Amino acid sequence: MNALRTIGEIIFNPFIFRIVNLVVYIFYFVPSDFNAENIPMKIIFVWGIVLLIWDFFTKRIMFKQPHWKVLFALCVSYLFSIATNFPSNFMDSAYNFVYLATSVFIFYSIDPELDPKTRSKQFQLFNDIAISIIFLLTSLSLLTYFFNIFYLVPTGTEGIMARQGFLENRLFGLYTSPNMGSMFGYVSVFLMTMNNFLKRGDWKKFQKLYVVNAVVQYLYYLLSSSRGTQITIVGFMIFMYLIVTYKLFATKKHNLKKIARNFVALATLFFLMNVVNYVVEFGLSYVPSTISYFISSPEQEVVIDENGEMVTVNKKKVIEKITIQHSEEGSEVSSGRLSIWEAGLKLVKQKPVFGVADSDVYRTGELSPQLDESLLTELDKNELIRAHGNMHSTYIAVLVKAGIAGFIILCIFVLFILNDNIRFIGKPSFDLKNQDAQIYIIIFGFLLSLFVNDVVENHLIFNNRDVMGLIFWTYLGLSNRIRLENIEANSEAKEVE
């Protein structure tokens with residue numbers, strides 16, 4: 001009985017489920033593990049279904065979250081998407097539905113009855129696991145650059161090989177793409193900031209290991225030459241400036257000089273970042289050849305000496321600069337987004353209300369039968385086949401999979417969340433000098449920055465097994481709980497007065 005009780009406590013524990021998903025999802029983006037996560041993925045898929053059913057019939061935590069009815073409507077709308085496209089890609093669409101429900105009803109759900117101290121310890125562990133794994137993977141990725149290691153591994157999809165190491169002037173390392181690896185780094189820095197606050201009460205106090213991790217992630221970011229991560233970081237900084245400016249207006253302290261001073265500081269920071277990035281990247285470009293210069297044996301070559309005889313001599317070693325830049329040739333799936341978006345929108349035109357349910361419309365090698373191939377150009381067909389269902393934009397992906405109906409419902413949810421946060425930050429009791437308020441706007445700014453990234457990537461929703469989506473929904477749920485507990489505490493304080 002005790003063993004069964006222990007097993008039950010594990011299976012029906014959303015926190016343990018999050019942790020296991022976190023680890024499996026991270027390694028899903030590591031081709032060099034040779035798909036070791038395949039069986040665990042199947043297990044957690046079934047586990048998610050069990051947990052959804054259990055919560056629905058017991059605690060119903062999913063129905064205690066802000067705006068759960070809108071998310072429920074999104075799920076119902078997507079069921080209509082599946083039904084209106086039946087039987088095309090039915091099983092894959094059903095998988096999409098389970099992952100959607102898992103995101104919005106398990107990852108997003110934070111138990112309101114859970115003790116804040118227990119919750120804090122859980123999030124500390126969650127953060128440290130993510131930070132540690134990403135630190136290890138990124139460190140190994142840097143070694144592939146320093147020692148000029150590159151290779152290909154099978155992906156599990158016939159005819160497609162994953163690039164590893166430093167190729168095409170960018171660092172893939174152990175990740176599926178430079179964009180993914182650099183975004184992992186961005187997320188890990190955010191999680192470190194959260195743990196600084198949760199462990200020490202000050203988000204600015206970094207322990208030594210966290211500092212080392214920040215340096216490692218920064219170096220990978222430069223070597224990845226990821227535009228997606230770059231616009232995400234810029235988006236975060238702009239959102240933080242706008243939030244602070246809004247707060248100054250909301251509290252009637254809109255000192256124009258202070259706002260202008262903050263703007264100048266932001267512009268200066270942008271300039272300094274670019275200068276420092278250029279200098280560090282320039283130095284990094286000589287590291288592999290420098291290491292090779294000292295550790296490798298000299299190459300030999302045959303030359304003709306003064307006497308006209310052929311002799312073998314050691315070839316002179318040189319330290320060469322390596323070019324680090326984004327590929328402009330559209331050689332990766334992540335390039336040529338515009339043509340992928342155009343092809344995706346042509347699918348929406350054919351099924352505008354509820355979409356096509358599953359965006360990999362050439363999964364079987366032929367176009368899904370509910371669609372008319374004559375309405376697609378050869379370029380459209382090639383891009384849809386090449387993308388394998390990845391629309392490289394959450395906004396396009398939602399339209400393609402869930403149609404205009406799903407897109408509108410999701411927009412309503414986002415507007416509700418924005419309204420909640422803007423009103424909360426604008427309250428007189430929300431003091432930016434307070435550490436609690438500062439970490440709250442950091443969370444809010446981080447979540448908003450992921451919306452910027454998802455203009456050119458698909459992470460937050462309708463993308464199965466995604467680490468960014470897991471962390472986004474988890475921290476959105478946490479921010480809701482922090483906000484509601486703060487409002488409740490202030491209300492109780494007023495009643496006492």
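Keep in mind that what you see is a predicted model, and the values were worked out from it rather than measured.
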Handout entry: Atom OH of Y95 with >12 non-hydrogen neighbours under 6.0 angstrom
Key = no

Exercise for the section: Just do the side chain to side chain donor-acceptor pair (under 3.5 Å) check on N169 and T323 with the steps written out, would you? Expected result: CA-CA 6 Å; N169 301 325; T323 302; 5.1 Å; no

Handout entry: is_close_aromatic(Y475, F123), centroid dist under 6.0 Å
Key = yes

Completion exercise
Distance col, row E320:CD vs S289:OG, nearest 0.5 angstrom, shows 6.5 Å

Exercise for the section: For the residue pair Y395 and N458, establish whether any side-chain heavy-atom pair is separated by less than 4.5 Å. Expected result: no

Handout entry: Pair Y108 + W473: ring centers closer than 6.0 Å
Key = yes

Practice task
Might you work through the side-chain contact (heavy atoms from CB on, under 4.5 Å) test for H392 and V456, ending with a clear yes or no?
Solution key: CA-CA 5 Å; H392 286 286; V456 294; over 6 Å; no

Practice task
Could you walk me through whether M468 and M180 pass the side-chain contact (heavy atoms from CB on, under 4.5 Å) test, one step at a time?
Solution key: CA-CA 10 Å; M468 304 305 162; M180 201 67 207; 3.7 Å; yes

Exercise for the section: For F172 and F150, run ring-ring contact (aromatic ring centres under 6.0 Å, His included): C-alpha distance rounded to whole Å, both residues' side-chain angles, the deciding distance at 0.1 Å, then the answer. Expected result: CA-CA 9 Å; F172 287 74; F150 54 90; over 10 Å; no

Handout entry: Heavy-atom donor-acceptor pair, S141 side chain to L174 backbone, under 3.5 Å
Key = yes

Exercise for the section: For the pair N213 (side chain) and L209 (backbone), establish whether a donor and an acceptor sit closer than 3.5 Å, ignoring hydrogens and angles. Expected result: no

Practice task
Evaluate side chain to side chain donor-acceptor pair (under 3.5 Å) for D466 paired with Y28, printing each intermediate quantity in order.
Solution key: CA-CA 8 Å; D466 198 290; Y28 177 67; over 6 Å; no

Handout entry: Given F190, Y221, F135, Y175, the one that forms ring pair (Phe, Tyr, Trp, His ring centres under 6.0 Å) with F184
Key = Y175

Show me the donor-acceptor pairs, under 3.5 Å and distance only, between side chains in residues 33-41 and residues at least two apart or in other chains.
residue, atom, partner, partner atom, Å
D33, OD1, N35, N, 3.0

Exercise for the section: Evaluate the ring-ring contact (aromatic ring centres under 6.0 Å, His included) criterion for residues F282 and Y286: first the C-alpha distance (whole Å), next the side-chain angles of each, then the deciding distance (0.1 Å), finally the verdict. Expected result: CA-CA 7 Å; F282 181 81; Y286 287 96; 5.4 Å; yes

Handout entry: Shortest non-hydrogen contact from K247 toward I425
Key = NZ-O, 2.8 Å

Problem - I44 and Y25, any side-chain heavy atoms less than 4.5 Å apart - result: yes

Handout entry: Pairing residues for N96 by the side chain to side chain donor-acceptor pair (under 3.5 Å) criterion, not counting sequence neighbours
Key = Y78, D358, N464

Handout entry: Nearest-0.5 Å distance, CZ of residue F424 to OG of residue S479
Key = 10.0 Å

Exercise for the section: Flag the pair Y246 / L242 as yes when at least one side-chain heavy-atom distance between them is below 4.5 Å, and no otherwise. Expected result: no

Handout entry: Main-chain N/O of N89 paired to S93 side chain as donor or acceptor, under 3.5 Å
Key = yes

Practice task
Look at K401 together with D360 and state whether they make a salt bridge at an N to O cut-off of under 4.0 Å.
Solution key: no

Problem - Minimal non-hydrogen separation, V361 against V356, with atom names - result: CG1-CG2, 4.3 Å

Exercise for the section: Could you go through the salt bridge (charged side-chain N to carboxylate O under 4.0 Å, His left out) check for R337 and E342 one step at a time? Expected result: CA-CA 9 Å; R337 287 179 175 83; E342 289 176 348; over 6 Å; no

Exercise for the section: Indicate yes or no for a side-chain donor-acceptor contact from S132 to the backbone of I129 under 3.5 Å, with no hydrogens or angles considered. Expected result: no

Handout entry: Output field: ring centroids F446/F472 closer than 6.0 Å
Key = no

Handout entry: Flag, side chain of Q435 to backbone of F197, donor-acceptor distance under 3.5 Å
Key = no

Problem - Heavy-atom donor-acceptor pair, N195 side chain to Q124 backbone, under 3.5 Å - result: yes

Practice task
May I ask you to test the L100-I461 pair for a side-chain heavy-atom distance under 4.5 Å?
Solution key: yes

Problem - Sidechain-backbone polar pair: R200 side chain, K205 backbone, donor-acceptor under 3.5 Å - result: yes

Handout entry: Donor-acceptor contact present, side-chain R18 to main-chain F126, <3.5 Å
Key = no

Fill in the blank from the handout: Of all heavy-atom pairs linking A387 and I340, the shortest is CB-CD1, 4.1 Å

Exercise for the section: Taking all heavy atoms of A214 and all of M192, pick out the closest pair and write down the distance. Expected result: CB-CE, 3.9 Å

Handout entry: Other residues, nucleotides, ligands: >12 heavy atoms within 6.0 Å of Y151 OH
Key = yes

Handout entry: Point-to-point distance, once rounded to the nearest 0.5 Å, from CD1 of I319 to CZ of F294
Key = 6.0 Å

Handout entry: Donor-acceptor under 3.5 Å (D380 side chain, T377 main chain)
Key = yes

Practice task
Output all residues satisfying salt bridge (charged side-chain N to carboxylate O under 4.0 Å, His left out) with K204, sequence neighbours left out; order by chain, then residue number.
Solution key: D202

Exercise for the section: For residues F407 and V348, determine if any side-chain heavy atom of one lies less than 4.5 Å from a side-chain heavy atom of the other. Expected result: no

Handout entry: Side-chain donor or acceptor of W47 paired with backbone N/O of F17 under 3.5 Å
Key = no

